[in-house]
Amino acid sequence: MVKVQKISELQPFLGFTEFDLYQDYKSSFLSSDLGRLHSIFPFKSFCRSLGLSSSRRGRHAYFSPEGKVALMLLKAYTGFSDATLIEHLNGNIHFQIFCGVYIHPCRPLTNYKIVSAIRSELACLLNVDSAQQVLALHWKPYLDNLHVMMTDATCYESYLRYPTSVKLLWESVAWLQSRLSAFSKDLGQRCPRNKFKDVSKRYLCYSKKRKRKQSRTRMMKRGLLRLLEKQVGQVDELLARAGERLSLPASFRKRFPVIRRVLEQEKALFAGQKVSDRIVSVDKPHLRPIVRGKETKTVEFGAKVNNIQVDGISFIEHLSFNAFNEGTRLQTSIALQERLLNTRVSAVAADAIYATNANRKFCTKNQIYTSFVRKGKPAADEPQRKVLRSTLSRARATRLEGSFGTQKQHYSLDKIKARKEETEILWIFFGIHVANAACMVEKVKKKKKRNTT
């Protein structure tokens, strides 16, 4: 018997069906929070939007297409690590019903990397616009005030040590030295000589100091830059001499160009020049510093996302790992909401950064009320406009800003532990829309209660 079987294929063969325990578990699942979350998500249409289907060739998949999406929902909903998620999936029948699988108690899943493999598969297929269109169409009947749009931007930080030039240079130096040793061993020759041992001792002493003088830091940078430049030249010389005798792994082909760029940028910074698109991590070269101007965090490292919100439900309007001015995204945000919900926007709540002259003219031309402070002379109906602006601003500050905190604290978006750019986007997507689904559970319950009364 295989480790995992789909419940739809084996329900008559479950070991405890003679006691009707499975039906009791299923009934309790439907009335649980997980069951209500499962009922609110359009699995089949969502999988079609991804182009995700069961393959008839090759090895039989443990999870169906809907089961793979459900596993990603569970990941965001629980906040578990991949290993902990598989451990709970083995022992929790509700988790198994949620994913549409049955795992035999005597033959549990042991390879937790299946979660990472599914995440990578879905990340390559995800199209944010088409996936959000499916969710908006499914949730639209339960939403109110479709004509009101709230928008703001936030940064979903990556799991990253705080980057400094010394740390970045040392990581590059240490990795290149390991590659030089491995390549020399493969070629049967002595490793090229450099000052790595001396610099490593100096770096160890430097890193142990609680207070570091600026002059000592500059000396450390200079030594690391010289060593890294020599190592890059030694690697180039080694590769030119070895030719095709040396098989380069994919990780080396990916990281070595990044280290070249790090060397160029750090040399420019050391000389007092400005650098654009600065790399802050060798493992995650797509990350850029996002200057937010907060009191506690002046700079954040992660994806900056411009979100729109309709009746408490958030959608991604623009996602980028480079810094951008969200004030220029108001018109596209309005267009996105009208496309998703097929309803004309007549009121907008946004921060002061969106209150540009171009946005004001656009909203006036299209008869859209805003929360922006009025320019010029007061209108005839200024008291009513002031009440509307106050209501929109208060709703945006509580609901939209509050949703950012909820997503980050409860739906795995505090520090995103993804390595690739695609998987990080998928992680953010599921975190936002699992929070939406949890909010939709209450909306559906209230809607049904109103209809019955």
Side-chain angles (χ1 to χ4, degrees), residues 158-291 298-299 301 321-322 419:
S158 294
Y159 187 77
L160 182 74
R161 54 96 182 101
Y162 190 84
T164 63
S165 295
V166 173
K167 290 179 185 177
L168 198 60
L169 287 170
W170 170 251
E171 289 173 4
S172 303
V173 162
W175 185 81
L176 266 189
Q177 187 64 28
S178 67
R179 294 300 91 204
L180 278 170
S181 300
F183 291 157
S184 301
K185 186 176 180 180
D186 292 342
L187 295 173
Q189 65 183 40
R190 193 180 71 175
C191 184
R193 296 179 64 181
N194 53 42
K195 298 287 185 178
F196 177 75
K197 288 186 178 181
D198 296 337
V199 173
S200 63
K201 290 178 182 178
R202 288 170 51 199
Y203 177 76
L204 183 62
C205 294
Y206 173 84
S207 61
K208 286 182 177 181
K209 291 185 179 296
R210 294 183 63 185
K211 293 184 178 180
R212 304 175 183 111
K213 294 182 179 179
Q214 189 174 0
S215 59
R216 181 65 65 89
T217 301
R218 188 168 177 83
M219 287 172 59
M220 195 72 243
K221 286 181 187 178
R222 184 185 294 111
L224 287 169
L225 280 171
R226 289 175 178 173
L227 176 57
L228 183 59
E229 190 170 15
K230 184 168 186 178
Q231 285 179 328
V232 169
Q234 288 175 339
V235 170
D236 288 336
E237 184 179 352
L238 197 84
L239 295 179
R241 194 185 309 161
E244 298 181 356
R245 291 186 297 157
L246 203 58
S247 58
L248 301 178
S251 60
F252 178 84
R253 296 179 184 275
K254 180 181 178 181
R255 296 189 73 175
F256 189 54
V258 175
I259 289 176
R260 283 186 185 276
R261 289 182 59 196
V262 167
L263 176 60
E264 295 172 2
Q265 290 181 354
E266 293 301 329
K267 284 174 67 176
L269 288 169
F270 190 78
Q273 302 172 8
K274 289 186 177 182
V275 172
S276 60
D277 295 333
R278 185 181 178 184
I279 294 174
V280 295
S281 173
V282 177
D283 285 324
K284 300 178 181 180
H286 57 277
L287 294 182
R288 297 291 179 269
I290 307 292
V291 179
T298 56
V299 182
F301 306 94
F321 290 96
N322 293 310
R419 280 184 172 270

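- The heavy-atom pair separating Arg288 from Pro285 by the smallest distance is NH1-O, 2.6 Å.
- Annotation: salt bridge (Lys or Arg N to Asp or Glu O under 4.0 Å) contacts of Arg161 (sequence neighbours excluded): Glu171.
- Judged as a salt bridge (Lys or Arg N to Asp or Glu O under 4.0 Å), not a single pair has a partner in residues 193-218 (not counting sequence neighbours).
- Partners of Ser158 according to the side chain to side chain contact (heavy atoms under 4.5 Å, CB included) rule, which considers only residues two or more places apart in sequence or in another chain, are Lys284, Leu287, Glu424.
- Counting heavy atoms from C-beta on, the side chains of Leu180 and Val235 come closer than 4.5 Å.
- Residue pairs that meet the salt bridge (Lys or Arg N to Asp or Glu O under 4.0 Å) test with at least one member in residues 228-242, sequence neighbours left out, are Glu229-Lys267, Asp236-Arg260, Glu237-Arg241.
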_From CA spacing to verdict: side chain to side chain contact (heavy atoms under 4.5 Å, CB included), Ser172, Leu263_ = CA-CA 9 Å; Ser172 303; Leu263 176 60; over 6 Å; no

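- Under the 4.5 Å side-chain criterion, counting only non-hydrogen atoms from C-beta, Trp170 is not in contact with Met220.
- With a 4.5 Å cut-off on side-chain heavy atoms, Gln177 and Leu227 do not count as touching.
- Residue pairs meeting the side chain to side chain donor-acceptor pair (under 3.5 Å) criterion with at least one member in residues 179-192: none, sequence neighbours excluded.
- For Arg278, the side chain to side chain donor-acceptor pair (under 3.5 Å) criterion is met by Ser165, not counting sequence neighbours.
- When every heavy atom of Leu168 is checked against every heavy atom of Ile279, the shortest pair comes out as CD2-O, 3.3 Å.
- To the nearest 0.5 Å, atoms CZ (Phe270) and NZ (Lys221) are separated by 7.5 Å.
- Partners of Ala268 by side chain to side chain contact (heavy atoms under 4.5 Å, CB included), not counting sequence neighbours, listed by chain and number: Gln273, Val275.
- Taking CG from Leu228 and CZ from Phe196, the interatomic distance works out to 11.5 Å, rounded to the nearest 0.5 Å.
- Every residue meeting the salt bridge (Lys or Arg N to Asp or Glu O under 4.0 Å) condition with Arg255, not counting sequence neighbours, appears here in chain and number order: Asp283.
- Two residues are said to be in side-chain contact when any heavy atoms from C-beta on lie closer than 4.5 Å; Thr164 and Thr217 fail this criterion.
- Here CG of Leu225 is found 5.0 Å from CG of Leu169. Values are rounded to the nearest 0.5 Å.
- The shortest heavy-atom contact between Pro163 and Val280 is CB-O, 3.4 Å.
- Side chain of Gln265 to backbone of Asp277: a donor-acceptor contact under 3.5 angstrom is found.
- Taking Tyr203 as the reference, nothing meets the side chain to side chain donor-acceptor pair (under 3.5 Å) condition, with sequence neighbours excluded.
- Under the ring-ring contact (aromatic ring centres under 6.0 Å, His included) criterion, Phe252 pairs with Trp175, Phe183, Phe256, not counting sequence neighbours.
- Of all the heavy atoms in Lys167 and Tyr162, the pair that sits closest is NZ-O, 3.1 Å.
- Qualifying side chain to side chain donor-acceptor pair (under 3.5 Å) partners for Ser207, counting only residues two or more places apart in sequence or in other chains: none.
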